[in-house]
Amino acid sequence: MLKIKDNVDLKELEKFGFKKNEYTHLLILRENEHDFAAIDIRNRRYEILDLCNKTYNLTYDLTQLGLVEKE
């Protein structure tokens, strides 16, 4: 499981396309039904619900920038 590091401001993730869902505790990236990734604000868990090119590339980018860590 991946986790957004504690020292990362969650607002910074908006530049990657994440938006706060006003009804839940999630930051969500969803372009269409097949591109879906979410970050749980309460525990910073990063979940990929459907692995495709966009979410794969996003995960790679977040990892390369040192924003995520293994839990």
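Sequential numbering from 1 along the given sequence is applied to the chain's residues.
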(request) First locate atom OH of Tyr46, then atom CG of Leu58, and finally report the distance between them rounded to the nearest 0.5 Å. (result) 4.0 Å

(message) Could you tell me if the side chain of Ile41 sits less than 4.5 Å from the side chain of Lys20, heavy atoms only?
(response) yes

(request) Would you please name every residue forming a salt bridge (charged side-chain N to carboxylate O under 4.0 Å, His left out) with Asp6, sequence neighbours left out? (result) Lys3

(message) For the CZ atom of Arg45 and the CD atom of Glu71, what is their distance to the nearest 0.5 Å?
(response) 4.5 Å

(request) Check salt bridge (charged side-chain N to carboxylate O under 4.0 Å, His left out) between Glu22 and all other residues, then give those that pass, not counting sequence neighbours. (result) none

(message) On a heavy-atom basis, which atom in Phe18 and which in Ala37 lie closest, and how many Å separate them?
(response) CE2-O, 3.9 Å

(request) Measure the CG-CD1 distance between Asn21 and Ile28 for me, rounded to the nearest 0.5 Å. (result) 4.0 Å

(request) Any chance you could measure Lys5, atom NZ, to Arg44, atom CZ, to the nearest 0.5 Å? (result) 11.5 Å

Identify all side-chain donor-acceptor contacts of residues 61-69 below 3.5 Å with residues at least two apart in sequence or on another chain.
from: Thr63; atom 1: OG1; to: Thr59; atom 2: O; distance (Å): 2.8

(request) With rounding to the nearest 0.5 Å, note down the distance linking CG in Leu13 to CD1 in Ile39. (result) 4.5 Å

(request) Could you pull out all residues at least two apart from Asn7 that satisfy side-chain hydrogen bond (donor to acceptor under 3.5 Å, both in side chains)? (result) none

(request) Can you sort out the partners of Glu14 under salt bridge (charged side-chain N to carboxylate O under 4.0 Å, His left out), two or more places apart, ordered by chain and number? (result) Lys11

(message) Within this structure, what is the CD-CG distance for the pair Glu47 and Leu26, rounded to the nearest 0.5 Å?
(response) 8.0 Å

